[in-house]
Each structure stands twice: as C-alpha cells, then as structure tokens.
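Reminder, nothing fancy here: chain letters follow the sequence lines and each chain counts from 1.
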Protein chains: 2
Amino acid sequence: MPRRSGPGKRPTLADVAARAGVSAMTASRVAAGNYPVAPPTRAKVLRAMRDLDYVANAHARALGGAATGTVALVLDDATGPFFASIARGVERQAAAEGRLCLLCTTHGDPEREAAVVALLRERRAEAVILVGGAQDCATYTERMTAFAHSLEQSGSRLVLCGRPSPGPGVPATVVEYDNEGGAYAMTAYLLDNGHRTIAYVGREPGLSTTDERIAGFRRAHADHGAALDESLIRPGAFSREGGAAATAALWAERTDATAVFAATDIVAAGVLRALRERGVRVPEDVSVVGFDDIPLASDLTPALTTVRVPHEQLGREAVRRALHRGPEADDRVVLGTHIVVRDSAAPHLP
Amino acid sequence: MPRRSGPGKRPTLADVAARAGVSAMTASRVAAGNYPVAPPTRAKVLRAMRDLDYVANAHARALGGAATGTVALVLDDATGPFFASIARGVERQAAAEGRLCLLCTTHGDPEREAAVVALLRERRAEAVILVGGAQDCATYTERMTAFAHSLEQSGSRLVLCGRPSPGPGVPATVVEYDNEGGAYAMTAYLLDNGHRTIAYVGREPGLSTTDERIAGFRRAHADHGAALDESLIRPGAFSREGGAAATAALWAERTDATAVFAATDIVAAGVLRALRERGVRVPEDVSVVGFDDIPLASDLTPALTTVRVPHEQLGREAVRRALHRGPEADDRVVLGTHIVVRDSAAPHLP
DNA sequence: TCTATGGTAGAAACCGATAACTATCCCTCC
DNA sequence: GGAGGGATAGTTATCGGTTTCTACCATAGA
C-alpha cells in the first residue's frame, strides 16, 4: 500500500538527501547516474527515494536548461481518421525518442493557431508540428515564416506536415506527400480503364491539397490525350455531406459521367451514398475512387479503390527530422503515394 | 519580417526589464496585469516585450508553484475512432479551460502505463485521464489505487474514463458510461422484434466492458423469458478481423442465428463482411447490431443500428470533473447510452 | 614522513518568474 | 509644517535540480 501523504506535498531531492543523510548533490548524482557514487551511499539514497516515492520535477530540470522532452502536434480537429493516423505516427515516434506529445487543435482558426504556437513557445516544445492542408496564399507564407523564426528563437523547430513549404531560407522542416502524383496515377488508372468522362468531386478552392490533386488530374488527362470538361470539376466540402451534395448537384445537371474521383475517402462515402439513393450501381454503372486510404475505405460497400497516403509515416518523419537535424537538404521530404485497387472501380466498356 | 535572432537565445523578463529601464518585478506585473503599473511605465514595458518578442517561460512559472496548465490523456492506441472521439472531448474541454493536453499511449502494456504515469507525475499534470477497458482483476484495482495515491501526492488527479472504479476511498474520479444498460436496451429491441436466437460476437474475456455488456445481454433475455444458449456467446478480438473470424466460426457451426450483436461497431464491420461473403443478406436474413456509434456506423451498408456512447461528452466530463472538484459524491458519474436505429436490424417473422 | 593522486561528497551559484515585503514619492489633511 | 496614506517601483527570497568549483579522505609513491 503506497503512503497516504496528504495532497500536494511532493518530496524533493533535498528531502531524499536529508532522509539518506547526504547532500542534495549526491542524491542528484544517484538519480542521474552520471557520476561515481560509492555503492553504500547510492544504496542509502535509492532506499530513501523509494521510501518517499520520489519523482523529479521536470520543470525544475527544464528551467536548469535541459531539453523539455516534449513535441507538439497541432491539427485542425482531432477527429477524422486522417489526423488520427498522423497523430499515431507522431506519438509513436515521440515515445520511441523518449518524448511526450502535446496535442492541440485550432479548428482551422489562424488566430487560435497563433495562440497555440505562443503557448508552445512558453513551454519550450522541442518541435511544433503543424498538420493539414492550408490556404496557400501570401498571408499563409508570412505566418509560417513568422512562426518558424519565433520558434527557432525559442529553441524549437517548426515542422509543416502535409502543408506547403514557406520557401527556402525559412528555418522549418517540411514533410509532404505526393498529392499530384497520386492524383495522376489514379486518373491515369481510370483513363486506362476506358473512362473518358470523369468527375472530380470536392474541390475546396485555394486549399493546397486540392490544387495539387487537380493538377495531377489535369496532367493525366493531357498525357492521355483526353479532353477535360472543366464543368466536371465540382466544388464541395471535405465531408460526407459535401460529397453527397456535390453528387446530387452533378447528377441533377448531367448523368454522363462514368467515373467519380472523390477528393477524399470521406467525400467518396458521401458520393456512394448519393449514388445508391439514385439507384446507380457502383462499379457497374459508375466507378468511384477516393484519396487517403483511411480505414473506412475498406469498409465501404463496395470497398473503395483509393490513393494510399502514408499518414503514420508522415507523423514519424515529422518527429524524426525535427529532433535529429542533418544537413539542410533534409529539410524537405516528399513521401510517395500509390493507388490501392479494391472493388469500386471497373473498366468502362464503350 | 520578424527578427532573425540566432537559435536558442530567448529573452527573459530581465532582458525586457533592462530594455524598458525598469525592474524585473515591474515587467512581471505588466505581464500578469494583476497590479497597478503607471500607464507610461506599462507602455515602455509592453514596447520592450514586443521588440524582443518575449514569451514567458512556462517552466519557471510552474516551478514557482503555479499550476502547469496541463492535462494528460492516456490511451491504448491513438487510432480507433472510439479513442479519437474521447480525445476530441478531452482536448476541447482542456482548451476551454485554458489547458494544454498531453497525449500518451500504452499499447495495453501495464508496465508502459506505469512508466507513463511516472513521467506525468514529473510534469505535474493537473489531471491524468486513463481511458479504455481494462482487465478488472485484483491487480488492476491495486495498480489504480497506487496510481491514484501517487498522483494525488504530486498534486494531480487520476481520472478513470470508461474503466471500473478501484473502489471507494481511493482519490480518483471515475467517468463511465452505461454498458450494461445499452446492451440491455439493444438486446430487448432485438427480442421485441421477434428474434430468439441472438449471437453475441466478440467477447474478450475479463475485459470490463465485455463483462458488463454481456450482463445486459443476459438480463434482457431473462426479462423477456427468452432462453439464452451460451454457445451463442462467441469469443473474438475487438477488430474487423476478429468479427469476421468469429462469424465464420459461428456459421461453420450453426446458421440458425437470426441476429448478431457485435461487441463493437468495428467488430460489426467484420461481421457484415463475413455475412456478405456468405451471401447472407442483412437485414433480410440476419439482423446485425453494434455498440459505440462511431462515425463508421452510418457509412456501413446497411447503416448500422447500434448503441450510442457519448464519447466526446465522456472526455469533456473527465476534464471538467478533474479540474473543478466538488463534493465527493461527484467522484463517480455514469453517462447514459441509448440505441440508435438505422437499417441493419429488421423484425424476425417466425 | 611528506606529498601526489584518485575517488567522493559538499557548497555556492544559477536557470526565470513571482510572492512578500520594503522603499519611495507626492499629495492631503490636520 | 509634519503626520498619514495611496500609488508605484524595487529588493530579496524562493521554487527544485544541476553545473561548477572546492574540500576532504585515503592510499600510493618518493
């Protein structure tokens, strides 16, 4: 049975030292184990530590100049399997490196993002990992540049994960994945299967990921000599409802698309639902593909053909590269993506 | 453009004070705003702070006795929509209360759990929230009791979220949800719909949640005067594969069940897959229901009838009750659960 | 016997912010 | 004119662990 001390009376090193009949310094050395201490003395100190259930004060250590052993993960929203997978990667790598992981959310609010970064500066987080697509405009670049510099001044490192780089010369690490290439591969796959009228559902204007994916979509069309009807690129929020609504709008207008490329797997879930409601069979009548390869993808009916994004690895790399910084060349990585073929896409026979 | 200071040279309050030509104390008072400072002086200090891009050192503050503004969330695994929702609730409430949230995972390893708790004691987290089902044995109770006491000694509060209480007199807050009641309601619903041969798939022996749900399952049978064939309670892991495998095993043995109660929604996804592979129609031939109501539930085909667990509220309550402690009576809450009827269950016509 | 040497342990200072106390200044009122 | 008091700013000490420097003892070698 552990001692039933009253609340808030934590034993300090001095207490341990007193109980062991040595100085605080000796107790500290036993705890750290980086200095020779005579075995009998060490035993007495260890005894006292166990008796008092001593734990060091991390804040005192950090104040003394030691690293804080903390990395911070900042995301839009902790729900969403996309973020969850990245969080898992971050947490795992952090744990593997003996760090604890702070989790913060911004709900897409730049002001809150700035507030969170300020809080993390106060805590001297060793790395601050910002995750998720962002509006890639001048304001964004400026903000990230400012964050990078103030974090650097606080001895911490900014990591942009799945976000555009603020440009060279800015002290930040960027870990991205190949949006353009993934979209290209998927579009090429559909084109190779005979599809010529492919709708892209879920364009969020200005969002960096959207822009890159649409670029790949276009390039594949061009490379295959396929005409691209701009009216097939449909706006829509990155949500089930967004996917369903955009599909409803598209089908109200025209029903000649033979394939739908959903901006994300979640959007694809909405697309599938909307099509099912209209009696359209997938993949017999229309092929549907997604992007992300979240766990949901394989649970949909039919199981979703999609683009695999290495979320967990993204998180691990973010932590790894922030903590062990090599040559400057390593400050930007792009992880590969590839398509995963399941059951939601079929050849289109003219 | 922000100042391009070299790395690691953070300005201190003393630097600010020097630049403003005042004492550190005055600068501190301006920062805290809890003491009258003459407007011209305040302006000078604020100016200096902005010039130097000053941020306080949270560790110094914490060392001085202030609260650390940190709550910790400890879970088995950050993936899993179940945990993600709780994490969201915890993070939101923490943010609302001006706290940051530490995220740790244990992968179900008690040793790692102890190590994590020790780390959190070092950091003086204000609350340590342990989430997720646990083996409810004597060892568990002992461990939790020990955690509760040592955390209390460190001035922090243990919260058990969705876990059994270690008993009265232990300084811990328990936030649970009604497993037994939810399982009872769902079983009663199936029985009311004429089902008499209901399989329970996904028993993890010894796990507290499993035991409670099966208790509800039994009680409903008893109350409805329905015989319960013990061989219909099938073991299986809490995973898609577990659900699929258990279903395959069951169907290999007997095919007379008219309904399947899956231990969790994830298990239900596996059950649905296994049934689909066997050409069994849901809900026409067999009804399938789950437990948790994670987002996936409404994306399955057919949309899953399941038991709603208020995950996010669970997280919020955990933080709220740990931070504002009222009378001791509030140390244990049980949040309600209720069934959500969708499309995966239908009446059984004899 | 006296001095090098190594092995141990302790004392003082420091990290940065702040609580508690003290010291001014200046104005008011007796 | 001097005591009293409000408003403001500064001094000192403290939180707990670590770094750096110093002090001691014992044994070995001269």
Side-chain angles (χ1 to χ4, degrees), chain A residues 8-46 48-49 52-69 118-119 121-124 153-156, chain B residues 8-46 48-49 52-70 118-119 121-125 153-156:
Chain A
K9 292 181 310 194
R10 355 163 197 283
T12 72
L13 253 189
D15 297 332
V16 171
R19 187 173 231 271
V22 301
S23 76
M25 221 23 255
T26 303
S28 167
R29 296 204 253 252
V30 170
N34 53 7
Y35 196 87
V37 173
T41 314
R42 137 171 289 116
K44 276 190 300 181
V45 172
L46 288 175
M49 286 185 170
L52 295 173
D53 191 20
Y54 169 78
V55 263
N57 184 327
H59 299 294
R61 267 215 266 260
L63 186 56
T68 58
L119 275 177
R121 282 220 288 158
E122 289 190 0
R123 307 209 177 202
R124 310 278 183 258
Q153 181 190 312
S154 308
S156 127
Chain B
K9 293 180 310 193
R10 354 161 195 284
T12 73
L13 209 42
D15 298 331
V16 170
R19 187 173 231 271
V22 301
S23 77
M25 211 39 239
T26 304
S28 167
R29 295 204 254 252
V30 170
N34 53 6
Y35 197 86
V37 173
T41 314
R42 139 170 287 118
K44 276 190 301 183
V45 173
L46 288 175
M49 286 185 170
L52 296 173
D53 192 19
Y54 169 78
V55 263
N57 184 327
H59 300 295
R61 269 215 265 259
L63 185 56
T68 58
T70 306
L119 275 177
R121 283 220 288 158
E122 289 190 1
R123 308 210 176 199
R124 311 277 184 256
Q153 183 191 310
S154 307
S156 128

Considering residues at least two apart in sequence or located in another chain, which fulfil the side chain to side chain contact (heavy atoms under 4.5 Å, CB included) criterion with [X]?
X	result
A20(A)	V22(A), K44(A), V45(A), A48(A)
L13(B)	A27(B), S28(B), M49(B), Y54(B)
D15(A)	P11(A), T12(A), L52(A)
R61(A)	A56(A), E122(B)

Handout entry: nucleotides 10-19 of chain D: protein proximity per nucleotide (B base, S sugar-phosphate only, - neither; heavy atom, under 4.0 Å)
Key = BB---BBSBB
Handout entry: Interface limits on DNA chain C, where chain A has a heavy atom under 4.0 Å of a nucleotide atom
Key =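 Terminal contacting nucleotides, 5' to 3': dT8(C) to dG16(C).
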Exercise for the section: Please list, chain by chain and in numerical order, all residues satisfying side chain to side chain donor-acceptor pair (under 3.5 Å) with R123(A), sequence neighbours excluded. Expected result: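 For R123(A), the residues satisfying side chain to side chain donor-acceptor pair (under 3.5 Å) (neighbours in sequence not counted) are T70(B).
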Exercise for the section: Report the residues that fulfil side chain to side chain donor-acceptor pair (under 3.5 Å) with T26(B), sequence neighbours left out, ordered by chain and then residue number. Expected result: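 For T26(B), the residues satisfying side chain to side chain donor-acceptor pair (under 3.5 Å) (neighbours in sequence not counted) are S23(B).
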What does the list of N/O pairs under 3.5 Å between the protein and nucleotides 24-28 of chain D look like, with a distance for each?
none

Problem - Between the first and last five pairs of the helix from dT1(C)-dA30(D) to dC30(C)-dG1(D), the angle of the axes, rounded to 10 degrees - result: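 The helix from dT1(C)-dA30(D) to dC30(C)-dG1(D) shows an end-to-end axis angle of 70°.
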Handout entry: R10(B) to S154(A) - nearest heavy-atom pair and separation
Key =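 Taking R10(B) first and S154(A) second, the nearest heavy atoms are NH1-O, 2.5 Å.
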Exercise for the section: Can you tell me the distance, in whole Å, between the NZ atom of K44(B) and the P atom of dT8(D)? Expected result: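 It is 14 Å, rounded to the nearest whole Å.
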Practice task
First locate atom CZ of R121(A), then atom CG of L119(A), and finally report the distance between them rounded to the nearest 0.5 Å.
Solution key: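 The distance works out to 11.0 Å.
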Contacts table for residues 31-43 of chain B: side-chain donor-acceptor under 3.5 angstrom, sequence neighbours left out:
none

Practice task
Before giving the answer on side chain to side chain contact (heavy atoms under 4.5 Å, CB included), spell out for V55(B) and R124(A) the whole-Å C-alpha distance, their side-chain angles and the decisive distance to 0.1 Å.
Solution key: CA-CA 10 Å; V55(B) 263; R124(A) 310 278 183 258; 4.2 Å; yes
